[in-house]
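Just so it is clear: chains get the letters A, B, ... in the order the sequence lines come, proteins before strands, and each one is counted from 1.
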Protein chains: 2
Amino acid sequence: MTGKTRVGEVGRTARKSRSGRTEATRKPGDERWAELLQVAAKTFADKGYSATTLQGIADELGMLKGSLYYYIRTKEDLLFELVRSVLVLAEERLAERVPDDGPAVDRLEVLVREHVIFLIEHLTETTVYLHEADQLTADRRAKLPVHGFIARLEKLVVDGKEDGTIRPDADPHLGALTILGAANWVYRWYRPGGNSSPEEIAEEIARMCRKSLEA
Amino acid sequence: MTGKTRVGEVGRTARKSRSGRTEATRKPGDERWAELLQVAAKTFADKGYSATTLQGIADELGMLKGSLYYYIRTKEDLLFELVRSVLVLAEERLAERVPDDGPAVDRLEVLVREHVIFLIEHLTETTVYLHEADQLTADRRAKLPVHGFIARLEKLVVDGKEDGTIRPDADPHLGALTILGAANWVYRWYRPGGNSSPEEIAEEIARMCRKSLEA
DNA sequence: CCTACCGATCGGTAGG
DNA sequence: CCTACCGATCGGTAGG
């Protein structure tokens, strides 16, 4: 309303002829695009994807609904982009913080802890992912950069049975799914300002997960 | 389509003057009402409450959309009734299957096991509850017969710390929430026809929850 | 339960 | 990004 940059038709043109272009599309690096994603994430997390209207998002941004189509082609673009980016970010984070060697049960504990910390630090986006991703059409869902988190957990259980740090009777698949539930459930109840810090919460959940499978 | 009972205006009248009436409202005990709930549950579980249209439900029932209003006043009635009834049923089930005495950690294990079995046996309805209940308006949500499941879990952890069957360093609140997540997460992945039976799944999850807190 | 209907809103578009 | 617009559909209602 006050000092917004006007670019006129540039964006639209850029989107239409996206093949051999020097000037970038408006999206990446643009401040307004980031705002749009932020508002969309908050609204999707609060009311759900389907109950969210583009009119509501536009209102919050102080623009007209039709103007949103300068940034997106469909409503689903917003959901997809949010889910995609949080997956990429999580992947990076876990890659740099979870070691590749050492006793499997230790690695599992670290993995769970870092997973929970990430979840809490990106609560809005992870909520959108965990609660709304199934609203994506099948073809869009197939294009998500899923990083096989369950497979990773399963492998840790298998490794742990081999290195003797995890109970021999543990079920890798069921175990992985249950650990995942214990960790992911955080998005259903965590709200800033509670008694425990994110680190304390992550620590406690990780400890419980460890104990649940430890030899 | 073939042998459906026609009652004409009776139902509508019955609904409008619900005060001092001998003849019951159409709803309770009516076969068609049960069908409606069933279709609604399946659709809400599959596509989400908000993405579900009354037109779609009516189509599946072979009636016109407007006719649904013979049974309901608003779309939310369907969601509320589904969530309400599954809560009541769960309460009953757990009351009759989980003992009130014995070592706390044992009771906790049984509680989790029965909870998971119930979840799986009523997967559609529990999915609606766990994934869609927050689509209810605040006042409707306040009218739900919530049976304090978390509080019950918390108390078991506290009891267990007293009777020595649960680790002294366990956090009752965090512990209860984490157990709840491990158990509830089942609705996100369980599908009939898998490798493990509901009982095996429930048994394994319950065991893990036990171990996660056991002294 | 059907007929017939409504206001509101939805996602989305053409053109600038 | 705005103007101006559209077809489709939404939940819901009056009356029988």
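Rounded to whole Å, the distance from CG on Asp77(B) to P on dG11(D) is 13 Å. One atom, CG of Leu78(A), and another, C1' of dG11(C), lie 12 Å apart when rounded to the nearest Å. As a whole-Å value, the separation of Asp30(B) CG from dC1(C) P is 8 Å. Taking atom OH of residue Tyr71(B) and atom P of nucleotide dG12(D), one finds them 18 Å apart after rounding to whole Å. Distance CD (Glu76(B)) to C1' (dG12(D)): 14 Å, rounded to an integer number of Å. As rounded to whole Å, 15 Å separates atom C1' of dG11(D) from atom CG of Leu79(B). To the nearest angstrom, C1' of dT13(D) lies 17 Å from OH of Tyr70(B). Distance CG (Leu54(B)) to C1' (dA8(C)): 16 Å, rounded to an integer number of Å.
Under a 4.0 Å N-O distance rule, the pair Arg84(A)/Asp77(A) does not qualify as a salt bridge.
As judged by a 4.0 angstrom heavy-atom cut-off over every strand, Leu64(B) is placed among the base-contacting residues. Residue Thr52(B) is classed as a sugar-phosphate contact, given heavy-atom separations below 4.0 Å to backbone atoms only. Residue-level contact check: Ser67(B) touches the bases, meaning some heavy atom is under 4.0 Å from a base atom.
Checking dC10(D), dC10(C), dC1(C) against the side-chain heavy atoms of Lys65(B) singles out dC10(D) as nearest. Distance from the side chain of Arg32(B) is smallest for dC1(C) among the nucleotides dC1(D), dG11(C), dC1(C). Of the candidate nucleotides dC1(D), dC2(C), dG11(D), dC2(C) has the atom lying nearest to any side-chain atom of Met63(B). Counting only heavy atoms from C-beta on, Thr74(B) has its side chain closest to dG12(D) among dG12(D), dG12(C), dC1(C). Among dG11(D), dC1(D), dG12(C), the nucleotide with an atom closest to any side-chain atom of Lys75(B) is dG11(D).
Residue Ile201(A) holds its CD1 atom at 9.0 Å from CG of Leu177(B), rounded to the nearest 0.5 Å.
Within the 4.0 Å cut-off from OP1 or OP2 of dG12(D), not a single side-chain nitrogen or oxygen of Arg73(B) is found. Look at Tyr69(A) and you won't find any side-chain N or O under 4.0 angstrom from OP1 or OP2 of dG11(C).
Checked options Glu121(B), His115(B), Glu114(B); the residue passing with Arg93(B) is Glu121(B) (criterion: side-chain hydrogen bond (donor to acceptor under 3.5 Å, both in side chains)).
Searching all strands for a Watson-Crick or G-U wobble partner of dC6(D) with both distances below 3.5 Å returns dG11(C). Applying the Watson-Crick and G-U wobble criteria (two distances, each under 3.5 Å), dC1(D) pairs with dG16(C).
Position along DNA chain C of the nearest nucleotide to Gln55(A) versus Gly66(A) favours Gln55(A) as the more 5'-ward residue.
For Thr43(B) and Glu60(B), the side-chain atoms include no donor-acceptor pair closer than 3.5 Å. There is no side-chain donor-acceptor pair under 3.5 Å between Thr178(B) and Glu204(A).
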One pair to check against side chain to side chain contact (heavy atoms under 4.5 Å, CB included): Tyr49(B) and Glu76(B). What are the steps and the verdict? CA-CA 9 Å; Tyr49(B) 170 72; Glu76(B) 201 188 6; 3.6 Å; yes
